[in-house]
Amino acid sequence: MEVLIPLAVVGLVLLAAVIQRLVGLGFGMVMAPFLVVLIGAHEGVMLVNFLSIFAPMLVLPRIWNDIEWRKVLWLGLPALAVMPAAAWISVNSSAGPLYVVVAALVIIGLITSMLLSRITFEADGATTRVIAGIGSGAGTVIAGVGGPAVTIYAVLSRWPIMSMIATLQPIWIMLSLGSFGIKWSFDDGALPGLPWWAWAGSVVAIVLGIVIGEWLQRRIDEALVRRLVLILAFIGSIMALITGLRLMIG
């Protein structure tokens, strides 16, 4: 494997960790579209799922008191429940069309949620949480992108940003562990053969990214963070759509 690819992976991990700590999500949305191109669809998503276990684990102790555990269950359990079916579809289907479908649905959902938010519409019941959890679980397994579905829920429910950041961390741990374990059992393991220094560098990048993200968070107001969440969700979805089209075209 060329040196540039492992270096690019470490750089992506650093950027993704900064964003993860700053806005509570984004690790997969930043990494997945690029990794799919660099190292392949299945291996790229598997690497995202694997590394996504560790970033929220390091953040968790620092935001423990702000976690809404009822929402962790309402969002996390439906996500875990849908993962086996989503993993089977992912392993037995072409990656390109799956990316296109997931990205298109998310973009439509984001646009709809933004329009509804402008007419003071609010939705935060059990049904909304379950649907968001299912969307996030399926997106995590199929494309390594579970954040946009939760972003739609955050917009519709007017979720306070600091509580959202805290509550999402145990959810990402659940989803990343579930997705990695289920896909490993289906696919018999598909982690890329990165050199040892790239794995070590990724760990260092996660720690450094969290420190940088925490420093930035203290200097940015909540309204800006909320806009960054939406922008990131759109960017992640559009990049996933472009990646899917590129895979389909070959």
Side-chain angles (χ1 to χ4, degrees), residues 1-64 136 139-141 143-148 150-151 164-166 168-181 183-184 189-220 224-225 228-229 231-233 235-237 239-240 243:
M1 181 178 289
E2 295 180 7
V3 174
L4 290 179
I5 292 179
L7 283 174
V9 170
V10 175
L12 284 170
V13 171
L14 176 61
L15 177 62
V18 172
I19 294 172
Q20 176 81 15
R21 181 63 187 95
L22 181 60
V23 302
L25 49 83
F27 201 88
M29 288 190 289
V30 170
M31 293 186 64
F34 291 105
L35 290 183
V36 166
V37 175
L38 288 173
I39 60 178
H42 292 298
E43 290 188 347
V45 174
M46 283 287 282
L47 181 59
V48 170
N49 291 154
F50 180 71
L51 293 176
S52 295
I53 297 168
F54 302 102
M57 279 186 174
L58 294 173
V59 175
L60 202 61
R62 311 174 80 88
I63 43 81
W64 185 269
S136 186
T140 298
V141 172
V145 181
V150 177
T151 302
M164 182 193 79
I165 291 172
L168 287 180
Q169 303 317 303
I171 292 175
W172 298 142
I173 294 171
M174 292 169 60
L175 267 59
S176 299
L177 282 170
S179 179
F180 182 80
K183 291 191 73 174
W184 186 278
L191 280 174
L194 296 173
W196 69 268
W197 58 264
W199 292 105
S202 295
V203 173
V204 173
I206 290 173
V207 175
L208 180 60
I210 289 172
V211 172
I212 295 172
E214 192 164 294
W215 182 85
L216 289 172
Q217 190 184 63
R218 292 194 294 266
R219 289 158 175 81
I220 298 177
L224 179 55
V225 172
L228 287 174
V229 170
I231 292 169
L232 184 61
I235 291 173
S237 303
M239 290 175 64
T243 299

Discussion item. I'd like to check the salt bridge (Lys or Arg N to Asp or Glu O under 4.0 Å) partners of R218; sequence neighbours left out, ordered by chain and number.
Written reply: E214

Could you tell me the separation between the [atom1] atom of [X] and the [atom2] atom of [Y], rounded to the nearest 0.5 Å?
X: I39; Y: M46; atom1: CD1; atom2: CE; answer: 11.0 Å
X: L60; Y: I173; atom1: CG; atom2: CD1; answer: 5.0 Å
X: M57; Y: L177; atom1: CE; atom2: CG; answer: 5.5 Å
X: I19; Y: L216; atom1: CD1; atom2: CG; answer: 10.5 Å
X: L14; Y: L208; atom1: CG; atom2: CG; answer: 5.5 Å

Worksheet item: S176 and side chain to side chain contact (heavy atoms under 4.5 Å, CB included): which partner among L51, I171, V48, I53?
Response: I53

Check [X] against [Y] and note the closest heavy-atom contact, atom names and distance.
X: L35; Y: L47; answer: CD1-CD2, 3.9 Å
X: M31; Y: L12; answer: CG-O, 3.9 Å
X: N49; Y: S179; answer: OD1-OG, 2.7 Å
X: I220; Y: L22; answer: CD1-CD1, 4.1 Å
X: R21; Y: I210; answer: CG-O, 3.4 Å
X: Q169; Y: I63; answer: CG-CD1, 4.0 Å

Response to the item:
Those residues at least two apart in sequence (or on a different chain) that pass ring pair (Phe, Tyr, Trp, His ring centres under 6.0 Å) with W197 are none

Worksheet item: Does the side chain of W172 reach to within under 4.5 Å of the side chain of S52, using non-hydrogen atoms?
Response: no

Item to complete: Show your working on side chain to side chain contact (heavy atoms under 4.5 Å, CB included) between F54 and V203 and close with a plain yes or no.
Response: CA-CA 8 Å; F54 302 102; V203 173; over 6 Å; no

Worksheet item: Do the rings of F180 and F50 sit parallel, tilted or perpendicular, given the 30° and 60° boundaries?
Response: tilted

